[in-house]
Amino acid sequence: ALAPLLAPRAGHGRGRWLVRAADILAAAGRAHEARDRYDEAARELRGGAARRPSAAVLTDLSRALLGLGRLDEAELEARRALAASPSVERTDLLTAITRARAIESARPAQGGAR
């Protein structure tokens, strides 16, 4: 059922598509496949950010890094995107990174409470 949504795209917007495909896989509980797509997206988008660091590319790169759990890098790219072009989407992305960081920092405390 997910196959049409996950079919590879080529050309412009491939990095953005990879992030969205990874989001769909993650929501479907296919974490390993999602991680592979996030990783591929991050590689693709890093190249795009190096060639032309637009706010859109930096936002997508931040989303891919967030999906990989690389929160410091995700925050850096989200802040770069926000500085280039302020938007609610980029502010929300920073909020999501902050929440992920809080969840990550709470995990060891939960493990020790058993």
Side-chain angles (χ1 to χ4, degrees):
L2 296 177
L5 298 172
L6 302 176
R9 304 273 192 254
H12 179 71
R14 179 169 164 71
R16 173 170 283 185
W17 173 84
L18 286 165
V19 172
R20 288 184 178 159
D23 290 343
I24 291 167
L25 288 165
R30 294 164 60 177
H32 182 73
E33 292 172 89
R35 185 166 185 79
D36 289 346
R37 292 288 168 108
Y38 284 129
D39 189 53
E40 186 178 354
R43 285 194 312 271
E44 180 107 6
L45 291 161
R46 277 212 191 279
R51 287 187 302 277
R52 195 167 72 177
S54 71
V57 169
L58 294 170
T59 300
D60 290 336
L61 175 56
S62 179
R63 288 180 56 220
L65 293 167
L66 174 59
L68 291 168
R70 293 162 44 188
L71 303 181
D72 291 338
E73 293 173 79
E75 182 177 1
L76 174 68
E77 299 305 344
R79 289 193 184 284
R80 288 179 61 202
L82 189 61
S85 178
S87 75
V88 172
E89 175 190 14
R90 293 176 186 102
T91 302
D92 288 349
L93 180 56
L94 281 170
T95 301
I97 293 165
T98 300
R99 285 183 185 144
R101 190 171 271 126
I103 291 167
E104 188 176 87
S105 68
R107 283 191 182 137
Q110 291 174 350
R114 289 181 185 186

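These values consider heavy atoms only, across backbone and side chains, with no hydrogens, waters or symmetry-generated copies.
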Visitor: Could you tell me which residues satisfy side-chain hydrogen bond (donor to acceptor under 3.5 Å, both in side chains) with Glu75, sequence neighbours excluded, listed by chain and number?
Guide: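 For Glu75, the residues satisfying side-chain hydrogen bond (donor to acceptor under 3.5 Å, both in side chains) (neighbours in sequence not counted) are Arg79, Arg101.
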Visitor: Among residues at least two apart in sequence or on other chains, which ones pass side-chain hydrogen bond (donor to acceptor under 3.5 Å, both in side chains) with Asp39?
Guide: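 Asp39 satisfies side-chain hydrogen bond (donor to acceptor under 3.5 Å, both in side chains) with Arg43 once adjacent residues are dropped.
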Visitor: I want to check something: taking the side chain as every heavy atom from C-beta on, are Asp60 and Arg63 in contact at a cut-off of under 4.5 Å?
Guide: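 When only atoms from C-beta onward are counted, Arg63 and Asp60 do touch, with a gap below 4.5 Å.
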Visitor: Are Val19 and Asp23 packed together at the side-chain level, in the sense that at least one heavy-atom pair is separated by less than 4.5 angstrom?
Guide: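 Yes - at least one pair of side-chain heavy atoms lies under 4.5 Å apart.
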Visitor: Sequence neighbours excluded, which residues qualify as side chain to side chain contact (heavy atoms under 4.5 Å, CB included) partners of Ser54?
Guide: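 Per chain and number, Ser54 pairs via side chain to side chain contact (heavy atoms under 4.5 Å, CB included) with Ala56, Val57.
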Visitor: Tell me every residue that passes salt bridge (Lys or Arg N to Asp or Glu O under 4.0 Å) with Asp92, counting only those two or more places apart in sequence or in another chain.
Guide: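 Testing Asp92 for salt bridge (Lys or Arg N to Asp or Glu O under 4.0 Å), a comparison that skips the adjacent residues, returns none.
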Visitor: Identify whether Tyr38 and Leu18 are in the same connected component of the hydrophobic contact network (ILVMFWY, side-chain heavy atoms under 4.5 Å).
Guide: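 Result: no, two separate clusters.
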Visitor: Are Leu71 and Leu93 connected, step by step, through hydrophobic side chains (Ile, Leu, Val, Met, Phe, Trp, Tyr) whose heavy atoms are closer than 4.5 Å?
Guide: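 Same cluster.
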Visitor: For a quick test of reading the model, state the closest non-hydrogen atom pair linking Leu61 to Ala42 and the distance between them.
Guide: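 Closest approach of Leu61 to Ala42: CD1-O, 3.7 Å.
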Visitor: Would you indicate whether the side-chain heavy atoms of Arg37 and Arg30 approach each other to under 4.5 Å?
Guide: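 No, too far: nothing below the 4.5 Å cut-off.
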Visitor: Applying salt bridge (Lys or Arg N to Asp or Glu O under 4.0 Å), name anything that partners Arg35, two or more places apart in sequence or on another chain.
Guide: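 Once residues adjacent in sequence are excluded, Arg35 has no partner under the salt bridge (Lys or Arg N to Asp or Glu O under 4.0 Å) criterion.
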Visitor: Please list, chain by chain and in numerical order, all residues satisfying side chain to side chain contact (heavy atoms under 4.5 Å, CB included) with Ala81, sequence neighbours excluded.
Guide: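 So Ala81 forms a side chain to side chain contact (heavy atoms under 4.5 Å, CB included) with Leu58, Thr59, Arg90.
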Visitor: Taking C-beta and beyond as the side chain, do Arg14 and Glu40 meet within less than 4.5 Å on heavy atoms?
Guide: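 Yes, side chains in contact.
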